[in-house]
Amino acid sequence: MTQLAIIGGTGLTQLSDLKIIKREQLSTPYGSPSAEFVTGELNNSQIIFLARHGNPHTIAPHKINYRANIWGLKQLGVEQIIAVAAVGGITCKMAPAHIAIPDQIIDYSYGRMHTFFEDETVTHIDFTCPYSQKLRSRLISAAAKINIKISPIGTYGCTQGPRLETAAEIQRMERDGCDLVGMTGMPEAALAKELGMDYAAISVVANWAAGKSEGEITMEEIERHLHKGMANTAELLKAFLD
Ligand code: HPA
């Protein structure tokens, strides 16, 4: 059996339909992971769930111990990761509450512990395709099966946060080719690849990115759209496991 993990982001601190089997607190050479690793059954498949921002949600994107999270999952035998994360929508299809399965990343984050390869051996992983094509195809087919409209491609830009972006930063990201903006996609994707794990993301649009709509971006707006997007995400995950 291939062990699958789901990393939940803002709006997905718990998987409500998960039948919990056990909870494990792990220590790693890189420090403490964000939360307990929860093993449970979702749609009759065993999965491991991790709340990226902790449970309750207290860890900001730049403070997340990405290495401990990915190392911990590897230690538990995880081979595939589906990472769920809230994003801002930049290009026209990426309206609030929409779901995208990104295929590319541009990393604008800085100062994060972003590699396991720090010592003796210099190792350069191939990162041409940052996400697993196999997992992405399965997610896209699962969405079609349950009639959820998604974007099957998209470029995810990872910013440092925790503040949201300026309108000019978003304009620059759009010129760069970004469709989505989030704060947690990196180094998570690269670390999974360094450890040889398949990794794909479900990006849930919480708001139009800065300057893409009238007025300020409010937490109230983000929460409202995430609520709807995460309900669809839960259905998508169940269809993926079917
Ligand atoms: N920018 C960055 N990260 C985000 C956003 C955003 O507008 N919305 C949700 N996560």
Side-chain angles (χ1 to χ4, degrees), residues 6-14 34 50-66 69 81-112 114 130-131 150-151 153-190 199-234 236:
I6 297 170
I7 303 181
T10 302
L12 197 73
T13 301
Q14 292 171 11
S34 294
L50 176 67
R52 184 188 288 113
H53 296 274
N55 184 14
H57 183 305
T58 52
I59 310 170
H62 63 294
K63 293 257 180 82
I64 292 168
N65 192 337
Y66 295 96
N69 288 351
I81 299 174
I82 304 285
V84 180
V87 296
I90 299 178
T91 47
C92 63
K93 283 189 187 150
M94 304 300 178
H98 187 64
I99 288 175
I101 310 298
D103 63 327
Q104 278 298 330
I105 299 177
I106 300 178
D107 189 8
Y108 301 88
S109 70
Y110 48 86
R112 300 181 179 189
H114 63 282
Y131 298 108
I150 58 146
S151 293
I153 52 170
T155 297
Y156 174 105
C158 186
T159 56
Q160 177 70 354
R163 67 164 177 84
L164 296 171
E165 299 71 34
T166 65
E169 284 170 336
I170 293 297
Q171 280 167 20
R172 178 179 76 147
M173 290 178 75
E174 187 166 14
R175 286 195 298 276
D176 285 353
C178 295
D179 298 293
L180 307 157
V181 54
M183 299 175 190
T184 57
M186 286 293 284
E188 200 174 81
Y199 179 99
I202 300 177
S203 297
V204 185
V205 181
N207 55 282
W208 282 115
K212 291 286 167 187
S213 67
E214 297 293 317
E216 282 189 11
I217 301 166
T218 63
M219 283 314 288
E220 184 274 326
E221 173 200 356
I222 289 184
E223 275 160 27
R224 185 159 39 86
H225 294 130
L226 268 188
H227 190 71
K228 183 166 170 223
M230 287 303 169
N232 278 340
T233 299
L236 176 55

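Sequential numbering from 1 along the given sequence is applied to the chain's residues. Just so it is clear, the structure is predicted and the values come from calculations on it, not from any experiment. Atoms within each ligand, like the ligands themselves, are counted from 1 in listed order.
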How would you list, by chain and number, every residue that makes a side chain to side chain donor-acceptor pair (under 3.5 Å) with Thr155, sequence neighbours excluded?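 None.
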
Residue-level breakdown please: for Thr10 versus ligand 1, do any non-hydrogen atoms fall below 4.0 Å on the side chain, on the backbone, on both, or on neither?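 None of Thr10 does.
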
One residue to check: Leu164. Relative to ligand 1, which of side chain, backbone, both or neither has a non-hydrogen atom less than 4.0 Å away?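 Within the 4.0 Å criterion, Leu164 contacts ligand 1 through side-chain atoms alone.
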
Contacts table for residues 201-220: side-chain donor-acceptor under 3.5 angstrom, sequence neighbours left out:
from   : atom 1 : to     : atom 2 : distance (Å)
Lys212 : NZ     : Glu174 : OE1    : 2.5
Thr218 : OG1    : Glu221 : N      : 3.1
Glu220 : OE2    : Arg224 : NE     : 3.3

Got the closest protein heavy atom to [atom], with its distance?
atom: atom 7 (O) of ligand 1; value: Asn207 ND2, 3.0 Å
atom: atom 4 (C) of ligand 1; value: Val181 O, 3.7 Å
atom: atom 10 (N) of ligand 1; value: Ala86 O, 3.5 Å

Is there a donor-acceptor contact under 3.5 Å from the side chain of Asn55 to the main chain of Gln14?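 The answer is no, because no donor-acceptor pair under 3.5 Å joins these two groups.
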
Is there a polar contact, in the sense of an N or O pair closer than 3.5 Å, between Thr159 and ligand 1?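 No, Thr159 has no N/O under 3.5 Å of an N/O on ligand 1.
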
Does an N or O anywhere in Trp208 fall below 3.5 Å from an N or O of ligand 1?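 No.
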
Spatial distance of atom CG (Leu236) from atom CD1 (Ile150) [nearest 0.5 Å]: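 It comes to 7.0 Å.
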
Quick one: pull up CE in Met173 and CD1 in Ile90 and give me the separation to the nearest 0.5 Å.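 Spacing of CE (Met173) from CD1 (Ile90) equals 4.5 Å.
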
Should Asp179 and Lys93 be marked as a side chain to side chain contact (heavy atoms under 4.5 Å, CB included) after you check the CA-CA gap, both sets of side-chain angles, and the distance that decides it? CA-CA 9 Å; Asp179 298 293; Lys93 283 189 187 150; over 6 Å; no

For Gly88, counting its heavy atoms only, list the atoms of ligand 1 lying under 4.0 Å from any of them.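 What qualifies from ligand 1 is 4 (C), 5 (C), 6 (C), 7 (O), 8 (N), 9 (C).
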
For Glu165, atoms of ligand 1 separated by under 4.0 Å from a heavy atom: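 Answer for ligand 1: 1 (N), 2 (C), 6 (C), 7 (O).
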
Neighbour count above 12 (heavy atom, 6.0 Å) for His57 NE2: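 Correct, the count exceeds 12.
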
